[in-house]
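Accompanying notes for the structure given below.
Worth saying up front: this structure is predicted, and the values here are computed from it rather than measured. Letters go in sequence order (proteins before strands), and every chain restarts at 1. Quick note: numbers below take in every heavy atom, side chains included, and nothing from hydrogens, waters or symmetry partners.
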There are 2 protein chains.
Amino acid sequence: MKKSCQHHHDSAPQELSTLTSRLRRESRKITGPRAAILEILRHHPHPLTNREIFDELPKGECDLATIYRAMQMLEKLGMVKRFDFGDGAARYELMGEGDDGHHHHLICTRCDTVVEIEECFPAEIEQRIAAKNNFKAVTHRLEFFGICPACQK
Amino acid sequence: MKKSCQHHHDSAPQELSTLTSRLRRESRKITGPRAAILEILRHHPHPLTNREIFDELPKGECDLATIYRAMQMLEKLGMVKRFDFGDGAARYELMGEGDDGHHHHLICTRCDTVVEIEECFPAEIEQRIAAKNNFKAVTHRLEFFGICPACQK
DNA sequence: AAATTAGTTGCAAATGATTTGCAATTGAGG
DNA sequence: CCTCAATTGCAAATCATTTGCAACTAATTT
């Protein structure tokens, strides 16, 4: 039995048409590879690496380099958010239009299960850190690691 | 004028002899390359990439692969802590013997200046996250990013 | 102090993630 | 259906990191 995620990703994913019109708006073409990539992302609640996306795609559907280029573009347009779980591979998650996609994950260090976390680093403390060091536009990158219930047995 | 760091790294670095005896204790050899690497680390308050260590070393002093192997070993012995600033290169910082080295950084996204942060993610919230998801041994990886005072001008 | 040996090193080749040059292809708009 | 800029596949290039292996050396033994 798979543990489900009780956050925003449980809700229906964005319509593909919503995504494509967003691309069109930026004068980007809706190509086969891109539609296929967006479909994969739409149906995955958790961040995927480029290789994972590649492996989900029917073989020959799209080149790995095309995926890398697509993800870069989508990130620049703010349509996906990039995450780093510290294992040397970038991961991407689709995000809603208004949403800034800021959230964190709890990752099992044994089986790589990923759970979305709603908690975030307290804003007041972050502001204090920014003020104390005279930094502007401070944000953070935060991920949690531990052993999931299944791996504890 | 360089902003100084007001935390534990301002204090005198560990003696080299302390470090080498720690290696000996683990039946590891004190070699030229290792002593040189430890010297570099001793004199740097902030995390260094393997390449940065390599570049600090007099040319020919030590092979890059040797540095990679040394850092892996030092990390396994708990003598250095590995950090990830999300730019695809691991960084290492020397840590005190008892110390678990857990702390965070504030990094300028324009000039890469690094400041050590004493604040940490609130333990109670982390415990709540662990409990809510039935995870054990939960820790976190956290780094802050922003624009430093110098780069704001 | 010389012999012994396990731990180390340099070098080159192998990996793995990501990027890039380029010629051929193809959406989108007219 | 034509035109053209955007996009793609493929191969080669980069970058960080790892690994095989024979030569080397610090630490221990004799």
Side-chain angles (χ1 to χ4, degrees), chain A residues 16-17 19-40 47-77 79-92 112, chain B residues 16-17 19-40 47-77 79-92 112:
Chain A
L16 184 56
S17 59
L19 295 169
T20 56
S21 65
R22 202 157 154 197
L23 281 184
R24 242 184 288 276
R25 196 190 312 157
E26 302 279 349
S27 62
R28 293 301 164 66
K29 294 180 180 173
I30 316 301
T31 64
R34 287 181 180 174
I37 292 170
L38 288 172
E39 271 303 294
I40 303 280
L48 293 176
T49 63
N50 286 323
R51 174 151 295 281
E52 285 168 341
I53 294 173
F54 181 73
D55 293 337
E56 293 274 326
L57 253 26
K59 54 180 172 41
E61 171 80 35
C62 166
D63 192 82
L64 228 201
T66 300
I67 298 179
Y68 274 95
R69 284 188 275 232
M71 300 316 291
Q72 267 188 205
M73 185 261 297
L74 292 173
E75 190 190 5
K76 204 165 303 172
L77 298 193
M79 292 178 59
V80 298
K81 181 155 178 78
R82 176 183 180 142
F83 289 94
D84 179 1
F85 289 181
D87 66 349
R91 280 157 215 271
Y92 301 88
D112 297 314
Chain B
L16 183 56
S17 59
L19 296 169
T20 57
S21 64
R22 204 159 152 197
L23 281 184
R24 242 184 288 277
R25 197 192 312 156
E26 304 276 349
S27 62
R28 293 301 164 70
K29 293 179 180 175
I30 315 301
T31 62
R34 288 181 180 174
I37 292 170
L38 289 172
E39 273 302 296
I40 302 281
L48 293 177
T49 63
N50 286 323
R51 174 151 295 280
E52 285 169 341
I53 294 173
F54 181 73
D55 292 338
E56 292 275 326
L57 253 26
K59 55 183 171 41
E61 172 79 34
C62 167
D63 192 83
L64 227 200
T66 299
I67 297 179
Y68 274 96
R69 282 189 277 235
M71 300 317 291
Q72 267 188 205
M73 186 260 298
L74 292 172
E75 189 189 6
K76 204 164 306 173
L77 297 192
M79 292 178 62
V80 298
K81 180 152 179 80
R82 176 185 178 140
F83 289 95
D84 179 2
F85 289 179
D87 66 349
R91 280 156 215 270
Y92 300 90
D112 297 313

CD1 of B:I53 versus P of D:dT17: gap in Å, rounded?
11 Å

Between C1' on C:dT19 and CE on A:M71, what's the gap in Å once rounded to a whole number?
16 Å

Is A:M71 close to A:N50 at the side-chain level, that is, under 4.5 Å between some pair of heavy atoms?
yes

Give me the atom names and distance for the closest heavy-atom approach of B:I40 to B:E56.
CD1-CB, 3.4 Å

Only counting residues at least two apart or in another chain, list the ones meeting ring pair (Phe, Tyr, Trp, His ring centres under 6.0 Å) with A:F83.
A:H103, A:H105

B:R34 vs C:dT8: side-chain N/O to OP1/OP2 distance below 4.0 Å:
yes

Check: A:L57 and A:I67 side chains under 4.5 Å, non-hydrogen atoms:
yes

Specify the separation, in whole Å, of atom NZ of A:K59 and atom P of D:dC10.
13 Å

Interatomic distance, B:M73 CE vs C:dA6 C1' [rounded to whole Å]:
14 Å

Taking only N/O atoms, report every protein-nucleotides 20-24 of chain C pair under 3.5 Å with atom names and distance.
unit_1: C:dG21; atom_1: O6; unit_2: A:R69; atom_2: NH1; d: 3.2

Whole-Å gap separating P (C:dT9) and CG (B:L57)
12 Å

Measure the angle between the two terminal helix axes of the helix from C:dA1-D:dT30 to C:dA17-D:dT14, five base pairs each, and quote it to 10°.
20°

For the student: nearest non-hydrogen atoms of A:G86 and B:D84, plus distance
CA-OD2, 3.4 Å

For A:R34, all residues meeting side chain to side chain donor-acceptor pair (under 3.5 Å), sequence neighbours excluded:
none

Under the side chain to side chain donor-acceptor pair (under 3.5 Å) definition, can you give me all pairs with a residue in residues 57-76 of chain B, not counting sequence neighbours?
none

Using whole Å, report how far CG of A:L64 lies from C1' of D:dA11.
13 Å

Could you give the CG-to-P distance, from A:L74 to D:dA6, as a whole number of Å?
17 Å

Search all heavy atoms of A:A35 against all heavy atoms of A:L16 and return the closest pair with its distance.
O-CD1, 4.4 Å

Tell me: CD1 of B:I37 to P of C:dT8, nearest whole Å?
12 Å

I would like to know whether B:L38 and B:L74 meet side chain to side chain contact (heavy atoms under 4.5 Å, CB included); could you show each step before the answer?
CA-CA 10 Å; B:L38 289 172; B:L74 292 172; 4.1 Å; yes

Taking the side chain as every heavy atom from C-beta outward, state whether B:R91 and B:E52 have any atom pair closer than 4.5 Å.
yes

List the atom of A:C62, the atom of A:F54, and the distance in Å for their closest heavy-atom pair.
O-CE1, 3.1 Å

Taking only heavy atoms on the protein side, list every residue of residues 24-32 of chain B lying under 4.0 Å from any atom of DNA chain C, sorted numerically.
B:R28, B:K29, B:T31

What nucleotide among C:dT18, C:dA17, C:dT9 has an atom nearest to a side-chain atom of A:A90?
C:dT18

